[in-house]
Amino acid sequence: MQDLNKLFALQKASTNKLKKRSVADRILQLKHLEQLIILYQPAIETAILADFRKPPVETMLTEIVSVISELRHTIKNLKDWTKPKKVGQTLALLGTSGYIYKEPKGVALIIAPWNYPFNLAMNPLISALAAGCAIVVKPSELSPATSALLAKLLAEFAPTDEVAVVEGGVEVSQALLALPFDHIFFTGSPAIGKVVMHAAANHLASVTLELGGKSPAIIDETADLQDAAEKLVWGKFVNAGQTCIAPDYALVKQEVKPLFIEAMKQQIEKCYNADKQGIAKSDSFSRVINDRHFSRLATLLQEATSQGATLAIGGETEAATRYIAPTVLTEVKTSMRIMEEEIFGPILPILTYQNSEEALQLIANLPKPLAFYIFSRDNEKINKYIAHSTAGGTCVNDCLIHIAHPDLPFGGVNNSGIGRSHGEAGFLEFCNQRSVLKQRIGFTGIKLLYPPYTDKVRNLAKIFLNWV
Ligand code: NAD
């Protein structure tokens, strides 16, 4: 293992230099990163294809376009974000002026998952660079080709006292977590999120935890079923369902279930079996990341069907290639394990409901989700679903795409995450928002309140009580 103490000391020593780096120079650095990513585009596509047979076009859309968009948005707005923000006057502190300065937190650790292995390492990196932090990136060991590529690309991008990639598995991650980082940005499962937060507590490091969970999609009786099926098929089966904000399960109003399933069936065929060669032969469908996750998913599926769930669509699996067909399950019960843990694979359980209270209660019985999707034409109902639930983010009449809006902070709530990423919100996670109050010299209103506490001071304090 690399000497991590030495690396950390090196980065710590560079924090002063980085703090003083002008905004113009940070922007130049981000532009340099943009050029490198464009140069590396074919290599990124090849690496992720090797890791889990992700279609190159899907890599371009969900890994490269999204990172370039984050970069360009940051480059365009960084000057504005870094400016000290003047706050309003308050009568009690008349004559003063208050500002919020944004200073880099210092040395940041980014721990990335394997499922969008380029995007989820690079997006927080962009925010941390914009803030002026020194950064250690720990990619996932489960996507080794992308991990090696990140190490190469970032070594070319910046010296190790500014940006370093440390490759490795759990033991490397834990060795890094033992170091006194100023901020830890973790993307992964809620279970490991707790391990990270424990470790951060030892140094009182701040954390951003981008976690997962079971994100529901509700399809009510007013929804456009064809439109909803088109969007849900893409949202569920892109990346073979290995997406943190994939609709985990669908809640469908009882009477529209048959039509909805039929629309899903047709859409799956259209997307993944257009040439009628079988979905396993499709170049547009990814594989499960590794054997452990394949057998976890195959077991979830087998358990559910043996307990009475029905395969409405798909269900085929092939261990040798880690292929699981796009699958839709019906007759699913909340007591089944598939409804208790995050699925993170191409299996969509459909549950039906009679009234919206029942659907909302079912969602509320599970930990707070990262995303909640609503398919409906009825604005009153849409507002009710939002008001009577909670989630990190919500998308109405679509899924996943809320992540792509640069001005919408992205993140979870409790079990699905703490803190926000993307755009200005992501930049602020890596900043200490320092409050600065500037006072005048000489007479100030506060001086009238200094001891000794005479009746005059008491009367003035009473006036203050009304003012503040
Ligand atoms: P994971 O939690 O298993 O691993 C994530 C990272 O943590 C990896 O780099 C891994 O090396 C490290 N790690 C694993 N075990 C560790 C331990 N005991 N101590 C310290 N570090 C450890 O997650 P994963 O399987 O890579 O990703 C899937 C999960 O991530 C899903 O739950 C998914 O919903 C979530 N996710 C969330 C987001 C988001 O933005 N909110 C995005 C992608 C994935």
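Counting starts at 1 for both ligands and their atoms, following the listed order.
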Query raised in the report: Just one of Lys381, Lys384, His388 clears the side chain to side chain donor-acceptor pair (under 3.5 Å) bar with Ser356, so which one?
Result: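 The residue from Lys381, Lys384, His388 that satisfies side chain to side chain donor-acceptor pair (under 3.5 Å) with Ser356 turns out to be Lys384.
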Identity of the nearest option to [atom], non-hydrogen atoms only, from [options]:
atom                    : options                : answer
atom 32 (O) of ligand 1 : His198, Glu342, Lys194 : Glu342
atom 7 (O) of ligand 1  : Phe186, Phe344, Phe410 : Phe186
atom 30 (O) of ligand 1 : Gly188, Pro124, Gly213 : Gly188

Do any N/O atoms on [X] end up under 3.5 angstrom from N/O atoms on ligand 1?
X      : result
Asn115 : no
Gln174 : yes
Ser416 : no

Query - Close side-chain approach of Met122 and Leu33, heavy atoms under 4.5 Å - result: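 Of all side-chain heavy-atom pairs linking Leu33 with Met122, at least one is under 4.5 Å.
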Query raised in the report: Less than 4.5 Å apart, any side-chain heavy atom of Leu125 and any of Leu154?
Result: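 Of all side-chain heavy-atom pairs linking Leu154 with Leu125, at least one is under 4.5 Å.
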Report task. Taking atom NZ of Lys17 as the centre, report whether more than 12 heavy atoms of other residues, nucleotides or ligands fall under 6.0 Å from it. Result ->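 It does: Lys17 NZ has more than 12 such atoms within range.
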Query raised in the report: Going by an N to O cut-off under 4.0 Å, is there a salt bridge joining Glu424 and Lys83?
Result: no
Requested in this report: Take atom 4 (O) of ligand 1 and look for protein heavy atoms under 4.0 Å from it; say yes if you find one, no if not.
Outcome: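 Flag for atom 4 (O) of ligand 1 set to false, no protein heavy atom closer than 4.0 Å.
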Report summary line: heavy-atom search around atom 21 (N) of ligand 1 in the protein gives Ser173 OG, 2.7 Å
Query raised in the report: Which ligand 1 atoms are under 4.0 Å away from a heavy-atom of Glu210?
Result: 37 (C), 38 (C), 39 (C), 40 (O), 41 (N)
Query raised in the report: What orientation do His402 and Phe410 show, parallel under 30°, tilted 30 to 60°, or perpendicular over 60°?
Result: tilted
